[in-house]
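Notes for the one structure printed next.
Position 1 is the first residue of the sequence; numbering continues from there. As a basis for the values below, the full set of heavy atoms in this structure was taken, side chains included, without hydrogen atoms, waters or symmetry mates.
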Amino acid sequence: MPKDADAKTAPAHVAIIMDGNGRWAQQRGRPRLFGHHAGAKRVREIVAACPDLGVKYLTIFAFSTENWKRTQIEVAGLMSLFRRYLEREANELFSSGVCVRFIGDRVRLDDKLVNLMDELELRTAENDLVHLTVALNYGGRDEVTRAAQRLAFEVAQGRLDHQDVDAEKLASFLDTHVLPDPDLVIRTSGEARISNFLLWQSAYAEYEFVDTLWPDFTAAEFAKVLKSYGKRDRRFGAVRA
Ligand code: FPP
């Protein structure tokens, strides 16, 4: 039983939109990448807090399909940060029982990064303490579009009857097909929007928008948000008996 959590009320799957790195850096008169580096340190702390808080699945939004619109310097800096993070954290993630997965379209990512992603997925595949999913070049619409393309291909090949395409079948073609739907989606930095994150999977998720900028989002605040989630009444469209 997790140390700091009520196992009954802890959300099994928490998804986080880690927003506010740029503003955090700006407040300190530093370049935006300084904020992303501080944000990466927070990722380590939040992942490490999951077992004691009863969070089995953590999904984090690291780079969206729209983030390519940022300056070349910021995009290149983020890609290099992801590479270094995977190189440096691989041993720790593996030995602490974290199973790492990536969602999103890998086609536009550079080969070195994709190799590191593949290696880490393979190396941690048997781990089961916490399942960390990193969304990289991910967009909810892009994910559903890619799933629809593959479904259409299966139908065209005669391997699937179009009448058998239902919600469950479509979900099985999503990047997240092995994950449960998120129970709670947290967004930091005071912005109240979902920005194309887990659109299909979050149909019945609870949302928590916190003002804290991501580099300041501590494990203690994470625990507080989870506690407030525990008080919510989730009905999934039904009414109380
Ligand atoms: C949004 O803040 C943040 C991002 C687009 C990048 C998220 C990346 C990290 C937290 C770095 C580390 C991640 C991993 C997996 C190692 P923003 O830049 O849009 O902030 P702003 O809204 O204040 O400008």
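At least one side-chain heavy atom of R84 sits under 4.5 Å from a side-chain heavy atom of H37. Side chains of R159 and F153 form a contact here, defined as non-hydrogen atoms less than 4.5 Å apart. Side chains of L113 and L86 form a contact here, defined as non-hydrogen atoms less than 4.5 Å apart. The side-chain heavy atoms of D181 and L198, taken from C-beta on, include no pair separated by under 4.5 Å. By the 4.5 Å heavy-atom criterion applied to side chains, M18 and R187 are not counted as neighbours. Looking only at side-chain heavy atoms (C-beta outward), D183 and E206 stay at 4.5 Å or farther from each other. Residues Y138 and D105 fail the side-chain proximity criterion, which asks for heavy atoms closer than 4.5 Å. Taking the side chain as every heavy atom from C-beta outward, L132 and V134 approach each other to under 4.5 Å.
Residues H36 and E74 bring a donor and an acceptor atom of their side chains to less than 3.5 Å of each other. For the residue pair E208 / Y229, no side-chain donor-acceptor distance below 3.5 Å is found, with atom types taken as modelled. Remark: the E154 side chain and the Q149 side chain contain no N/O donor-acceptor pair separated by less than 3.5 Å. A donor atom on one side chain and an acceptor atom on the other are not found under 3.5 Å apart for E45 and T218.
Under a cutoff of 6.0 Å and an axis angle of 45°, R28 and W24 form a cation-pi pair. Figure legend: cation-pi geometry between R42 and W214 absent, as NZ or CZ is not positioned both under 6.0 Å from the six-membered ring centre and within 45° of its axis.
Counting only distance, with no hydrogens or angles, the side chain of R150 and the backbone of F173 share a donor-acceptor pair below 3.5 Å. In this structure, the side chain of N196 engages the main chain of R141 through a donor-acceptor pair within 3.5 Å. The main-chain N or O of S64 is found under 3.5 Å from a side-chain atom of N67 such that the two form a donor-acceptor pair. Not one N or O on the side chain of D19 forms a donor-acceptor pair closer than 3.5 Å with the backbone of S189. Side chain of H13 to main chain of P180: a donor-acceptor pair is present (N/O by atom type, distance under 3.5 Å, no hydrogens or angles).
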**Report entry** side chain to side chain contact (heavy atoms under 4.5 Å, CB included) evaluation trace for I60 with V43
**Finding:** CA-CA 9 Å; I60 54 174; V43 170; 3.7 Å; yes
Report task. Starting from the C-alpha separation in whole Å, work towards a yes-or-no answer on side chain to side chain contact (heavy atoms under 4.5 Å, CB included) for V165 and L151. Result -> CA-CA 8 Å; V165 178; L151 270 172; 4.0 Å; yes
Report task. Could you walk me through whether T133 and F102 pass the side chain to side chain contact (heavy atoms under 4.5 Å, CB included) test, one step at a time? Result -> CA-CA 5 Å; T133 302; F102 297 89; over 6 Å; no
Query - Working for side chain to side chain contact (heavy atoms under 4.5 Å, CB included), residues F222 and F217 - result: CA-CA 7 Å; F222 186 38; F217 189 73; 3.8 Å; yes
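Here the closest non-hydrogen pair linking C99 and A125 is SG-O, 4.1 Å. Shortest non-hydrogen contact noted between E143 and T176 is OE2-N, 3.5 Å. The two residues N127 and L93 make their nearest non-hydrogen contact at ND2-O, 3.8 Å. Contact record, D211 with G190: OD1-CA, 3.4 Å, taken as the closest heavy-atom pair. The minimum heavy-atom distance between A48 and P51, with the atom names listed, is O-CD, 3.4 Å. For the residue pair V130 and C50, the shortest heavy atom distance occurs at CG2-CB, 3.9 Å.
With values rounded to the nearest 0.5 angstrom, L160 atom CG is found 5.5 Å from K169 atom NZ. The CG atom of L109 sits 11.5 Å away from atom CG of L116, with the distance rounded to the nearest 0.5 Å. Within the model, atoms CZ of R83 and CG of N115 stand 11.5 Å from one another, a figure rounded to the nearest 0.5 Å. Rounded to the nearest 0.5 Å, atoms CG (L174) and CD1 (I103) are 9.5 Å apart. The distance from atom CZ of R232 to atom OG1 of T9, rounded to the nearest 0.5 Å, is 12.5 Å. Rounding to the nearest 0.5 Å gives a distance of 8.0 Å between OG of S80 and CG of L33.
When the shell of 6.0 Å around CD of Q157 is examined, it contains more than 12 heavy atoms from other residues, nucleotides or ligands. In this structure, L129 places its CG atom where more than 12 heavy-atom neighbours from other residues, nucleotides or ligands lie under 6.0 Å away. Within a 6.0 Å sphere centred on CZ of R44, heavy atoms belonging to other residues, nucleotides or ligands number 12 at most. Atom CG of D111 has 12 or fewer neighbouring heavy atoms from other residues, nucleotides or ligands inside a 6.0 Å radius. Summarising the local packing, NZ of K227 is surrounded by 12 or fewer heavy atoms from other residues, nucleotides or ligands at distances under 6.0 Å.
Put simply, I16 and Y207 are part of two different groups of oily side chains (I, L, V, M, F, W, Y) that touch within less than 4.5 Å, one to the next. Under the 4.5 Å side-chain heavy-atom criterion for grouping Ile, Leu, Val, Met, Phe, Trp and Tyr, F63 is connected to V47 within one hydrophobic cluster. Residues L58 and V100 are members of one and the same hydrophobic cluster, defined by side-chain heavy-atom contacts under 4.5 angstrom among Ile, Leu, Val, Met, Phe, Trp and Tyr. By the rule that hydrophobic residues join a cluster once side-chain heavy atoms approach within less than 4.5 Å of another member, L179 and V98 end up as members of separate clusters. Hydrophobic clustering (ILVMFWY, side-chain heavy atoms < 4.5 Å, transitive): L78 and L213 are in distinct clusters.
R23 has a carboxylate O that lies under 4.0 Å from a charged side-chain N of E191, or vice versa, which qualifies the two as a salt bridge. A salt bridge is absent between R101 and E121: the closest approach of a Lys/Arg side-chain nitrogen to an acidic carboxylate oxygen does not fall below 4.0 angstrom.
Just one residue in the list R106, R123, K112 forms a salt bridge (charged side-chain N to carboxylate O under 4.0 Å, His left out) with D118, and that residue is R106.
Relative ring orientation between F61 and F197 is described as parallel, the plane-to-plane angle staying below 30° on a 0-90° scale split at 30° and 60°.
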